[in-house]
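I have placed the structure first, in the form of structure tokens, so that the comments after it can refer back to it.
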Amino acid sequence: MPKLDFQTIKHLETAGRHTDGDGLSLLIKATGRKNWVQRLHHDGKRRDLGLGSFPDVGLSLARDRARENRTLVADGKAPLSGQMFKAATPKPQRISEPTHLFEDIARAAHQHLIASGRLNNPKNKSNWLNRAEKYLFPVFAGIEVDAITSGQLLDLLEPIHNAKPETGRALRLILKRTFNRAKVRGIIKSNPLDGVAEELGTPGKSKVRMKSLPYDQLADALALIDETNSSPAAKAAIRLMALTGVRGAEVKGAVWSEFDLDGATWEIPAERMKMRQGHTVPLSKQALEVLETMRETYDDEIVFPSVLSTNGKLSENALTRPFKLCQIQAVPHGMRSSFRTWAAETFGVAYRDAAEQVLAHKTGSAIEQIYNRAEYMEMRRELLNAWADYLDG
């Protein structure tokens, strides 16, 4: 199974050989230069072939070259090196055979719309490409389409969406066509644009971003909170929020009948979820320890009870107060963002849908939401177990 992704390669600095799989490696020299190397057995000898340097040769192209070499060797033919690939392969037409770079796929999508007659107005043709060249290509220059995240798209589109709504809508259409083209060709598994329009909201009214900490600061923040004089229930609720990615309202209303501690799951009913859909939360051993402590500490059907409130549940202030006491520049809800960033940087795009499911976010188009009932439970459990271990470490 491949081990590398674009973001990992981009930030790798350690000299040595970094394996991607199937004989393909990224060799980083002491000078920082990054070269693709493929190890093959041919004519009874082991050979290391250079396939080109990064970023001139991206991850997808390196894998394609390595795959072609394996096919050549299996057919009894000699494999090719990076320069031989350039000589043996005629330069592809960008429109009909694009690379996996965002710009190439976007240009191919533009030409396809023209060829199919869906973009035949001269003004629309030029506007489509002009907007892409002004707003999109500079941002995603040299970036492969499968490395682009929903967060990057949201950061790009939000200021345009609020200042120039018409331009924002046009850019979302360009992005939609581009990612759809990449998806149907198997380059990406899911469309990172899905859900972005919902997050953007009404033009001119920016959504309030909850203050969050970089994920590598969250463990220290939780340790500080544990030292405050806040109630044990509030501190435990905050820790469970951090470990599971649930919202404050969901943890404040938790009752013991929702938990299966033996099965390590928490079933939150639809009426307590923001999207009004029931949500199953896999529980790590660290989350179970929090719950066991609550069961031993309080004799109440409410998991995190409060003696100060009229309904017996923690208030919003009970959760935010410890952050203020410690002068932590974040709010409890922001821990969801800390988790999501960690998941993206640690597990990459392969776990994107599972990470979104952890946060109970909808993914895919309306049609996909109807037909795709996958809940990624095992992947979500893997994510949350690794996240809990990370916070412990």
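Keep in mind that this is a model prediction, so the values were computed, not measured.
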Determine, stepwise, if the pair Met294 / Phe304 fulfils side chain to side chain contact (heavy atoms under 4.5 Å, CB included). CA-CA 7 Å; Met294 286 296 95; Phe304 302 101; 3.6 Å; yes

Given side-chain hydrogen bond (donor to acceptor under 3.5 Å, both in side chains), test Thr280 with Arg380 step by step and report yes or no. CA-CA 10 Å; Thr280 303; Arg380 286 159 56 194; 5.5 Å; no

I'd like to know whether Arg33 forms a side-chain hydrogen bond (donor to acceptor under 3.5 Å, both in side chains) with Thr31, so could you lay out the CA-CA distance, the side-chain angles of the two residues, the decisive distance to 0.1 Å, and finally the verdict. CA-CA 6 Å; Arg33 184 176 177 82; Thr31 60; over 6 Å; no

Criterion side chain to side chain contact (heavy atoms under 4.5 Å, CB included) on Tyr298 and Val303, from CA distance to verdict: CA-CA 8 Å; Tyr298 297 98; Val303 179; over 6 Å; no

Determine whether Asp353 and Lys189 satisfy the following criterion, salt bridge (Lys or Arg N to Asp or Glu O under 4.0 Å), listing intermediate values before the conclusion. CA-CA 10 Å; Asp353 286 345; Lys189 292 183 178 180; over 6 Å; no

Passes side chain to side chain contact (heavy atoms under 4.5 Å, CB included), Arg272 versus His279? Steps please. CA-CA 9 Å; Arg272 290 206 301 104; His279 182 53; over 6 Å; no

Report the C-alpha distance between Glu382 and Tyr351 in whole Å, list the side-chain angles of each, state the deciding distance to 0.1 Å, and finish with yes or no for side chain to side chain contact (heavy atoms under 4.5 Å, CB included). CA-CA 10 Å; Glu382 182 182 352; Tyr351 279 70; 2.8 Å; yes

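The minimum heavy-atom distance linking Leu51 with Ala62 is given by the pair CD1-O, 3.9 Å. Of all non-hydrogen atoms in Met379 and Ala354, the two that sit nearest each other are CB-CB, 3.8 Å. Across all their heavy atoms, Pro282 and Leu384 have their closest contact at O-CD1, 3.4 Å. Smallest separation of non-hydrogen atoms from Ala132 and Pro138: O-CD, 4.2 Å. Taking both residues in full, the closest heavy atoms of Ala233 and Leu314 are given as O-CD1, 3.9 Å, listed atom of the first, atom of the second, then distance. The heavy-atom pair separating His11 from Lys34 by the smallest distance is N-NZ, 4.4 Å.
Within the 4.5 Å cutoff, no side-chain heavy atoms of Leu193 are placed close to those of Ser150. No side-chain heavy atom of Thr244 sits under 4.5 Å from any side-chain heavy atom of Phe339. Between Phe347 and Asp5, every side-chain heavy-atom pair lies at or beyond the 4.5 Å cut-off. Contact annotation: the side chain of Pro192 never approaches that of Thr149 to less than 4.5 Å [non-hydrogen atoms, C-beta and beyond]. With contacts defined as side-chain heavy-atom distances shorter than 4.5 Å, the pair Leu26/Phe54 qualifies. A 4.5 Å side-chain heavy-atom check between Thr265 and Val281 finds every atom pair outside the cut-off. By the 4.5 Å heavy-atom criterion applied to side chains, Ile143 and Leu101 are not counted as neighbours. Annotation: side chain of Glu301 is in contact with side chain of Ser257 (closest heavy-atom distance under 4.5 Å).
Heavy-atom contacts from other residues, nucleotides or ligands closer than 6.0 Å to CG of Asn130 number more than 12. Atom CZ of Arg17 is surrounded by more than 12 heavy atoms from other residues, nucleotides or ligands within 6.0 Å. Other residues, nucleotides and ligands contribute at most 12 non-hydrogen atoms within 6.0 Å of the NZ atom of Lys176. Atom CD of Gln327 has 12 or fewer heavy atoms from other residues, nucleotides or ligands within 6.0 Å.
Taking hydrophobic clusters as Ile, Leu, Val, Met, Phe, Trp and Tyr residues chained together by side-chain heavy-atom distances below 4.5 Å, Ile187 shares a cluster with Leu175. Under a hydrophobic-cluster definition in which Ile, Leu, Val, Met, Phe, Trp and Tyr are linked whenever side-chain heavy atoms come within less than 4.5 Å, directly or via other members, Val255 and Leu288 are assigned to different clusters. In the hydrophobic clustering of ILVMFWY residues, with side-chain heavy atoms under 4.5 Å counting as a link, Leu173 and Phe140 come out apart. Hydrophobic clustering places Val139 together with Ile148 (ILVMFWY residues linked when any side-chain heavy atoms are closer than 4.5 Å, directly or through intermediates). Trp342 and Leu359 end up in the same hydrophobic cluster when Ile, Leu, Val, Met, Phe, Trp and Tyr side chains are linked at under 4.5 Å.
Here the CZ-CD distance, from Phe137 to Glu103, works out to 4.5 Å after rounding to the nearest 0.5 Å. Here the OG atom belonging to Ser306 is positioned 8.0 Å from the CG atom belonging to Asn311, to the nearest 0.5 angstrom. Residue Ser230 holds its OG atom at 8.0 Å from CD1 of Ile225, rounded to the nearest 0.5 Å. Between atom CE of residue Met335 and atom CG of residue Leu391 there is a gap of 9.5 Å, rounded to the nearest 0.5 Å. Interatomic distance, Ile28 CD1 to Leu12 CG, rounded to the nearest 0.5 Å: 4.5 Å. Here CZ of Arg181 is found 12.5 Å from NE2 of His110. Values are rounded to the nearest 0.5 Å.
For Tyr135, there are no ring-ring contact (aromatic ring centres under 6.0 Å, His included) partners, not counting sequence neighbours. Glu345 pairs by the side-chain hydrogen bond (donor to acceptor under 3.5 Å, both in side chains) definition with Tyr215, not counting sequence neighbours.
Look at Asp48 and Arg39 and you find a salt bridge, because one of the NZ, NE, NH1 or NH2 atoms lies within 4.0 Å of a carboxylate O, short of that distance. Glu292 and Arg295 are not joined by a salt bridge, as no carboxylate oxygen comes within less than 4.0 angstrom of a charged side-chain nitrogen. The pair Arg63-Asp22 does not count as a salt bridge, with every side-chain nitrogen at least 4.0 angstrom from each carboxylate oxygen. Taking 4.0 Å as the cut-off between side-chain N and carboxylate O, Asp104 and Arg107 do not count as a salt-bridged pair.
No donor-acceptor distance shorter than 3.5 angstrom exists from the side chain of Gln217 to the backbone of Pro214, with no hydrogens or angles considered. Thr71 places a side-chain N or O within 3.5 Å of a backbone atom of Arg67 that can act as its donor or acceptor partner. In this structure, the side chain of Glu250 engages the main chain of Arg247 through a donor-acceptor pair within 3.5 Å. The backbone N or O of Leu4 sits less than 3.5 Å from a side-chain atom of Asp20, completing a donor-acceptor pair. Between the side chain of Arg131 and the backbone N or O of Ile174 there is no donor-acceptor pair closer than 3.5 Å. The main-chain N or O of Leu113 is found under 3.5 Å from a side-chain atom of Ser116 such that the two form a donor-acceptor pair.
With hydrogens and angles left out, the side-chain atoms of Gln286 and Asp389 include a donor and acceptor closer than 3.5 Å. Using modelled atom types, one finds a donor on one side chain and an acceptor on the other under 3.5 Å when comparing Glu258 with Trp266. Side-chain polar atoms of Glu356 and Tyr376 form no donor-acceptor pair below 3.5 angstrom.
Arg65 forms no cation-pi arrangement with Trp36, by the criterion of a distance under 6.0 Å to the ring centre and an angle within 45° of the ring axis.
Ring pair Tyr390/Trp387 is parallel by interplanar angle, where below 30° counts as parallel and above 60° as perpendicular.
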